[in-house]
2 protein chains.
Amino acid sequence: MNHPQPGCPHPRSLFHAPTRYALQALVRMPGDGTYRLARNLAAELDLPGPFLAKILQTLAHADILESLRGPTGGFRLTRAPERITLREVVVAMEGPEPFEDCLLGHAVGGGGCHCPIRPAWDVLQTLLTTTLARTSLRDLQVAQAHHGPPEDPDRSVAAPV
Amino acid sequence: MNHPQPGCPHPRSLFHAPTRYALQALVRMPGDGTYRLARNLAAELDLPGPFLAKILQTLAHADILESLRGPTGGFRLTRAPERITLREVVVAMEGPEPFEDCLLGHAVGGGGCHCPIRPAWDVLQTLLTTTLARTSLRDLQVAQAHHGPPEDPDRSVAAPV
DNA sequence: TTATTTTAGGATATTTTAATCCGTTTATTA
DNA sequence: TAATAAACGGATTAAAATATCCTAAAATAA
C-alpha cells in the first residue's frame, strides 16, 4: 500500500481512496478489545499518520471505532468484527449513495428515469449493496491472514510475536 | 445538465464526468448521417463548447464519431446507434478497466486475491460489463425521447420540428 | 501538579481531475 | 485566391479530492 506517485495514478476504484484505507485499517484492528495507535497502523500501511488518523476519526464518529486519548489510548473496534459489515463502512466513508444511478442524469427518485438499462442497473445496485451488507470485517480479516502482513523489513526474518 | 457549482458537487457516479457527458452527447447525435456542431450540442447540454469538443475528439479517436472540419463540418456517428454499445463508449472514455477489483488492494491478476467477496465481486463486475455491452446507444436514445429534450426556454411553448 | 502521550479537528498544501483558452489546421465559400 | 468556419490539440486555469501540518484537548504517569 504505497502513496500515489507521479506517473503512477490511483487504481480506478469503485470507492474513494479514504474508503479503501479505512477497510485496510479496520482489517488490521485487534479483535481482543485492546487499543491500537493510529501512528502504528499508519506505519504498517505506509500511509501518513495524520491522514489515517482523520479516517479513523470518521470511523469513530460512525460508531465503528472508539478512541481513547492519552498514553494508553488509541483506537479499537466498538464490536466484534463479525458484526461490522462492509456496507456500514462504505456508508460511513462515502455517504448513503455509493454512486449515481442514471447514466443520462435523469432524476432517479419519483420515477424520473425510464432508461432501458434501468432494470439491469437496479439489479447491479442491489447486488452491490447486498454483497457489501453480507460481508463482515471478519471475512476480510480471514482473507488478509492468507496474504500475510505487509512487508516490514524489521521483521522479515523472524518475529516471535 | 448543469455545470458543477460550488457547494453542489458532482453526483457520485460510477464513471467520470466526461464519460457521462460523452453518453449524453452521443444520445443527441442525429441518426441520418448529418454532421452536428460541437458548439450546438454543447449549448443543448449546457456545457462549455471547447470542453465538449475535446470529449467528442476522444470519441472520434475511438472510432465512435467521425469529424469533418470547415463550414459544413461537425461530428457524426460512424455507425448506426444500434451498433454502438455503452461498453464501447465507457472503454473509450475510461480505459479498459472501469474499476479496481480488490477492496484490500490485493493483486487481482495471477490469483493474488482470495477475499471472501471475490466470487461475488466477480459476478458484479461481469454483470456490469455485460449490461454495458448489451445496451446500445439506440436504446438510450429511446429513453431520452421519453424525457423530451432538455429545457430550452426559447422553445418551451411550441416547437414545430 | 507537571510532563508526556495520545486523539481532535481546523487550516493548509499537494495532486488529480475537470474545464478553459488560444493558436493551428482543414475544408468550404465567395 | 482570400475570407470564413469548423475541428485539432497543446497550454493554461479552476475545482475537487487527497494528503499534510499544527495547535488544542484529554488521559496517563511521574
Side-chain angles (χ1 to χ4, degrees), chain A residues 1-22 24-25 29 34-43 45-62 64-76 78 93-95 99, chain B residues 1-13 15-22 24-25 29 34-43 45-62 64-76 78 93-95:
Chain A
M1 195 52 38
N2 295 316
H3 302 174
Q5 301 293 333
C8 172
H10 271 115
R12 183 64 47 90
S13 171
L14 191 52
F15 304 115
H16 286 177
T19 301
R20 280 179 279 121
Y21 299 153
Q24 298 189 16
M29 277 294 173
T34 58
Y35 288 92
R36 178 156 193 196
L37 296 185
R39 178 162 39 81
N40 178 333
L41 198 47
L45 295 172
D46 192 18
L47 283 173
F51 183 46
L52 181 62
K54 194 144 298 184
I55 292 168
L56 298 181
Q57 284 170 31
T58 300
L59 294 171
H61 292 157
I64 292 167
L65 292 178
E66 60 190 359
S67 63
L68 182 67
R69 302 186 193 190
T72 63
F75 292 88
R76 68 178 179 189
T78 57
M93 298 302 297
E94 305 254 341
F99 51 78
Chain B
M1 199 55 36
N2 296 312
H3 301 173
Q5 301 293 334
C8 171
H10 272 114
R12 184 64 49 90
S13 172
F15 305 116
H16 286 179
T19 302
R20 282 180 278 121
Y21 299 154
Q24 299 188 16
M29 278 292 175
T34 58
Y35 287 93
R36 178 156 193 195
L37 296 185
R39 179 160 40 79
N40 177 333
L41 198 48
L45 294 173
D46 191 17
L47 283 173
F51 182 46
L52 181 61
K54 194 144 297 186
I55 292 168
L56 299 180
Q57 284 170 31
T58 299
L59 294 171
H61 291 157
I64 292 167
L65 291 178
E66 61 191 358
S67 63
L68 182 67
R69 301 187 195 190
T72 63
F75 292 88
R76 68 178 180 189
T78 56
M93 298 301 300
E94 305 253 341

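These numbers were taken from a predicted model, which means no experiment stands behind them. Numbered from 1 within each chain, the chains take letters A, B, ... in sequence-line order.
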Euclidean distance, atom [atom1] of residue [X] to atom [atom2] of [N] [Å, nearest integer]:
{"X": "B:Arg39", "N": "C:dC21", "atom1": "CZ", "atom2": "P", "answer": "15 Å"}
{"X": "A:His61", "N": "C:dG10", "atom1": "NE2", "atom2": "C1'", "answer": "13 Å"}
{"X": "A:Phe15", "N": "D:dA17", "atom1": "CZ", "atom2": "C1'", "answer": "17 Å"}
{"X": "B:Leu65", "N": "D:dA6", "atom1": "CG", "atom2": "C1'", "answer": "15 Å"}
{"X": "B:Leu52", "N": "D:dA6", "atom1": "CG", "atom2": "C1'", "answer": "14 Å"}
{"X": "A:Asn40", "N": "C:dT5", "atom1": "CG", "atom2": "P", "answer": "16 Å"}
{"X": "B:Met93", "N": "C:dA19", "atom1": "CE", "atom2": "P", "answer": "11 Å"}
{"X": "B:Tyr35", "N": "C:dT26", "atom1": "OH", "atom2": "C1'", "answer": "13 Å"}

Where is the tightest heavy-atom contact between [X] and [Y], given as atom of each residue plus distance?
{"X": "A:Ala25", "Y": "A:Leu56", "answer": "CB-CD2, 4.0 Å"}
{"X": "B:Gly49", "Y": "B:Ala42", "answer": "CA-CB, 3.5 Å"}
{"X": "A:Gly73", "Y": "A:Tyr35", "answer": "O-CB, 3.7 Å"}
{"X": "B:Leu59", "Y": "B:Ala22", "answer": "CD1-CB, 3.9 Å"}

Any A:Tyr21 side-chain nitrogen or oxygen under 4.0 Å from OP1 or OP2 of D:dA19: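 True: A:Tyr21 side-chain N/O within range (under 4.0 Å) of D:dA19 OP1/OP2.
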All pairs passing salt bridge (charged side-chain N to carboxylate O under 4.0 Å, His left out) where residues 48-57 of chain A contributes a residue, at least two apart: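 Sorted pair list comes back empty.
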Tabulate below the donor-acceptor pairs under 3.5 Å that side-chain atoms of residues 64-72 of chain B make, not counting sequence neighbours, or state none.
residue, atom, partner, partner atom, Å
B:Glu66, OE2, B:Arg76, NE, 2.7
B:Glu66, OE2, B:Arg76, NH2, 3.1

A:Glu94 side-chain N/O to A:His16 backbone N/O, donor-acceptor pair under 3.5 Å: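 Yes.
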Residue mapping more 5' on DNA chain C - nearest nucleotide basis, A:Ala38 or B:His16: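 Closest to the 5' end, via its nearest nucleotide, is A:Ala38.
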Touch class at under 4.0 angstrom, heavy-atom based, for A:Gly49 against every strand present: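 The residue A:Gly49 makes no contact with any strand.
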Of B:Leu37 and A:Phe51, the one whose closest DNA chain D nucleotide lies more 5':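 It is B:Leu37, whose closest nucleotide lies nearer the 5' terminus.
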First of B:Lys54 and A:Pro18 reached from the 5' end of DNA chain D, by closest nucleotide: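 Nearest-nucleotide comparison on DNA chain D picks B:Lys54.
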Out of C:dT7, D:dT18, D:dG10, whichever nucleotide has its closest atom nearest the side chain of A:Ser67: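 That would be C:dT7.
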Check the interface with nucleotides 27-30 of chain C: list each N/O to N/O pair with the protein under 3.5 Å, or write none.
none

